[in-house]
Amino acid sequence: MIFKSSPIEQISFDNHTFFLKRDDLLHPDFSGNKSRKFHYFLENDFPDIKKIVSYGSAQSNAMYSLSILAKMRGWEFEYFVEHIAEYLKENPHGNYKGALDNGMKVIVGADSISTQSEDVLSIEEGGRQKEAEYGIKILAHEIIDWQRENNIKELNIFLPSGTGTTALFLQKNILKRQPKGIVPMVYTCACVGDSTYLKKQFLELEEDEKYHPRILSLEKKHHFGKLYRDNYEIWLKLQQQTGVVFDLLYDPLGWRTLLAHLEVCKKPTLYIHQGGVLGNESMLPRYERKYKM
Ligand SMILES: *Cc1c(COP(=O)(O)O)cnc(C)c1O
């Protein structure tokens, strides 16, 4: 196995105790949950593949992790983006710079890929594909084993979603591993789009709704990548109280949503830190310009 099981710590936040699964520490280069999602492509043989092709935003965690995967496997990496901000082009930083340093070739002006060739591995935006289940199943087993070793009878799990791939395959593989008794429930929130969009994503990956995570939400609408004072404040507070650096795109909404549903936190609750901290290099200066006193 490429990755060692990630540690689980106990933290205290806003007078509540949580367990924290440190998937951000899985690998020094891969971004947390993307190492789970791309695990399959690291461990299996692909003798014909010479190149990875993918698409999405120029700041994405998946893009950076794919550049690592390509480098480790000696493949080329072509990435399609619709648009790159002038500022980023002139001052590469964060995931974008990291991926360029790893040899990524960027193609601007396209937002999807159509290459069909035997030597090309096509990866969906954000790693939303069935192969992701391979690594997320390992995550599910790590959690169940830890729960058993520590005699934790009831457990809720929370993680914020983008495509929902991680949350869905997690709930599914927990249920498959432990079909009887008190089964840990996976709770999530939609950071990209709304709960209706997330539900649709779940259905595309799995028709059987018994495997779907529970979606929690806040009353106010949230736009992905937009700067919110509440997000910045909770991110700072998390760091002050727990000493852990979280990501600025998903985790602030995740924590705000979880704390707005204290009925979930009544049971022992495990929050999954899914990495993405390199992306803070672009988000943090924007937040500081806007809100820092
Ligand atoms: C990609 C990512 C997510 C979202 O994962 P999905 O499987 O798309 O729901 C959440 N947090 C971080 C830090 C990520 O990089």
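For ligands, and for the atoms within them, numbers begin at 1 and follow the listed sequence.
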Contact table, ligand 1 N/O with protein N/O, distance under 3.5 Å:
residue	atom	partner	partner atom	Å
ligand 1	5 (O)	Asn33	ND2	2.9
ligand 1	7 (O)	Lys37	NZ	2.7
ligand 1	7 (O)	Thr166	N	3.0
ligand 1	7 (O)	Thr166	OG1	2.6
ligand 1	8 (O)	Lys37	NZ	3.1
ligand 1	8 (O)	Thr163	N	2.8
ligand 1	8 (O)	Thr163	OG1	2.6
ligand 1	9 (O)	Gly162	N	2.7
ligand 1	9 (O)	Thr163	N	3.3
ligand 1	9 (O)	Gly164	N	2.8
ligand 1	15 (O)	Lys34	NZ	2.6
ligand 1	15 (O)	Asn61	ND2	2.7

### Presence of salt bridge, Glu9 and Arg22, under 4.0 angstrom
yes
### Query
Hey, are Lys97 and Glu281 close enough for a salt bridge, meaning a charged N less than 4.0 Å from a carboxylate O?
no
### Query
Would you say the side-chain atoms of Lys71 and Asn102 include a donor-acceptor pair closer than 3.5 Å?
yes
### Ion pair Glu86/Lys89, N-O distance below 4.0 Å
yes
### Query
With a 4.0 Å cut-off, would you call Glu131 and Lys37 a salt bridge?
no
### Glu43-Tyr134 side chain donor-acceptor pair, cut-off 3.5 Å
yes
